[in-house]
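Read through the structure below, which is laid out as structure tokens, and then see the notes.
Hydrogens, waters and symmetry mates play no part in the numbers below; they use all other heavy atoms, side chains included. Throughout, a chain's letter reflects where its sequence line sits, starting with A, and its residues are numbered from 1.
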Protein chains: 2
Amino acid sequence: MSHTLGIRQAQKQKTRQALLDAALGLLEEQSLSSLGLREVTRAVGVAPTAFYRHFRSTADLGVALVEEALGSLHPMIRTTVSTAGDSAERITGTIELIRRHVDGYPAHVRFIARERHGGVQPVRAAIRDQLARFAQEVKAELAKDPVSAGWTEDDLLMLAHLYVDQMLITASLFLEALEGPEEEREERTRHVAQVATRQMRLISLGRHHWLD
Amino acid sequence: MSHTLGIRQAQKQKTRQALLDAALGLLEEQSLSSLGLREVTRAVGVAPTAFYRHFRSTADLGVALVEEALGSLHPMIRTTVSTAGDSAERITGTIELIRRHVDGYPAHVRFIARERHGGVQPVRAAIRDQLARFAQEVKAELAKDPVSAGWTEDDLLMLAHLYVDQMLITASLFLEALEGPEEEREERTRHVAQVATRQMRLISLGRHHWLD
DNA sequence: CCATGCAGTTAACAACTGTTCTCTGGAATT
DNA sequence: AATTCCAGAGAACAGTTGTTAACTGCATGG
């Protein structure tokens, strides 16, 4: 199936990726709704009009960035939530996974946090859809757990959404710690992890007593 | 103390408020980082240069909007969280209060949700500070509750932050329901309220078993 | 090998931006 | 009543923006 695409299409995808990367970089200190197409092409070193060969508009580029930032995350979600072990170590494992992801893809995390409620409607919609899919996947994993015996579908989904939102908040806090001065970084990161762990534990506690 | 300020200062504050209102309106479909000063003055009907008499920049105006949107909210928080009654009706009361606030000040809610992680650093900082104050106030109210007996200060604060974040998420969801087509509005609002209530209840459940 | 396709270039456009300086009319102060 | 103050107006600036049209050169498929 891996049809080695010609040097033509290869070059095109290369430029496209360069545009995406440059945009992601520029979005560190502004929002998508203020990102200019000329700004992006200038950063890449290509003519402004070349932009149109890849995207209809910056909003269109934003939607592509959502795919890039969240699309590849689904397998991770599944394997994490379904990891074996008792509740305590599953929580610390999840928090640690979030921390590492923020560490590895800070710009992606920033983009999602920023544009989730940002000023560009199609991008908001794309993020909302992806997060809804995440919630569905988390729900599916939760359903397998014996703790969920007797839960309604609605209750499973409301808990899944609670988890997803909590993950996003935690990721955003890790990012803030990462952006701060280097000498505080380590301690702030540890602090975020500690607080997030206890919050997850409290939610987990509520989960175990839900059917009382 | 109410020194009736002269017609001069009165007119100035009137223009200032008009600028703030116009900006809030324009921010319904864009982010602060793309808001131009000329755009705002044009909407008000004053010369672009008049802007400088009130704000140094649009970022400065943004900080003022944070005060307007969140500053007046502190008394509400206190009275709500400390309202008497059992856990169940306190939760529904809180959710209902959030719903009404979103209904009354949708643009303010949208602004906070959008700029909390937005592209303008001083505004992010202003929102973070206000939310931290909210968390402190919620913590103070939680401390009064007999359920909190034996809790450490740290644990009270982590729970307070959980509540504050949950309130923001809920407010944002109410807003989305409000923005949708009118025929779905009522049902979506009811659905958001129902899910948020159960999430709060689950958290409350975890809270009661925290010291097990 | 030649004709087609198409990623990227060049040039030009009208419209817009933030900021400066100068000016004005009327409220505030003396 | 005379003077100061200052919110807002007006004009001009250099620089930016998105979008258009017509182009060039090279990889591609016949």
* Contact under 4.0 Å: A:Arg38 side-chain N or O vs D:dG15 OP1/OP2 ->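 No, no such contact exists.
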* Considering just the side-chain nitrogens and oxygens of A:Thr15, establish if one lies under 4.0 Å of OP1 or OP2 belonging to C:dG8. => yes
* Find which nucleotide of DNA chain D each of A:Arg53 and A:Glu39 is nearest to by heavy atoms, and output the residue with the more 5' nucleotide. => A:Glu39
* **5' priority, DNA chain D, between B:Arg8 and B:Ala47 [closest heavy atom]** => B:Arg8
* Near DNA chain D, which residues from residues 56-67 of chain A have a heavy atom under 4.0 Å away? -> none
* Candidates C:dG18, C:dC16, D:dG8 - which lies nearest the side chain of B:Arg42 -> C:dC16
* Asked: Between the side chains of B:Gln17 and B:Glu68, is a donor N or O closer than 3.5 angstrom to an acceptor N or O?
  ->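 On atom types as modelled, these side chains qualify, holding a pair under 3.5 Å.
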Kindly say whether [Y] contributes a backbone atom to a donor-acceptor pair with the side chain of [X] at under 3.5 angstrom?
X        : Y       : result
A:Ser33  : B:Ser34 : no
B:Glu115 : B:Leu32 : yes
B:Ser31  : B:Leu27 : no

* To do: Report yes if a donor N or O on one partner sits less than 3.5 Å from an acceptor N or O on the other, where the partners are the side chain of B:Thr49 and the base of C:dT19; otherwise report no.
  =>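 By the distance-only test, no, there is no pair.
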Length of the [atom1]-[atom2] vector between [X] and [N], whole Å:
X       : N      : atom1 : atom2 : answer
B:Lys12 : D:dG8  : NZ    : P     : 7 Å
A:Gln9  : C:dC6  : CD    : C1'   : 10 Å
A:Phe55 : C:dA7  : CZ    : P     : 13 Å
A:Ile7  : C:dG8  : CD1   : P     : 12 Å
A:Leu37 : D:dG18 : CG    : P     : 5 Å
A:Gln13 : C:dA7  : CD    : P     : 11 Å
A:Lys14 : D:dA27 : NZ    : P     : 13 Å
A:Gln11 : C:dG5  : CD    : P     : 21 Å

If the threshold is 4.0 Å, N to carboxylate O, is there a salt bridge linking [X] and [Y]?
X        : Y        : value
B:Arg90  : B:Asp145 : yes
A:Glu187 : A:Arg190 : no
A:Glu182 : A:Arg185 : no

* **Partner of A:Glu176 under salt bridge (charged side-chain N to carboxylate O under 4.0 Å, His left out), chosen from B:Arg128, B:Arg116, B:Arg124** => B:Arg128
* **Pairwise 5' ranking along DNA chain C for A:Arg16 and B:Tyr52, keeping only the more 5' one** => A:Arg16
* **Angle by which the axis turns from one end of the helix from C:dC1-D:dG30 to C:dT30-D:dA1 to the other, five pairs per end, to 10 degrees** =>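 Answer for the end axes of this duplex: 20°.
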* State the NE2-CD1 distance between B:His74 and B:Ile77, to the nearest 0.5 angstrom. =>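 Nearest 0.5 Å value for the NE2-CD1 distance: 8.0 Å.
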* B:Leu26 side chain reached by B:Glu39 side chain, heavy atoms, under 4.5 Å ->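 A side-chain contact exists here, since the closest heavy-atom pair is under 4.5 Å.
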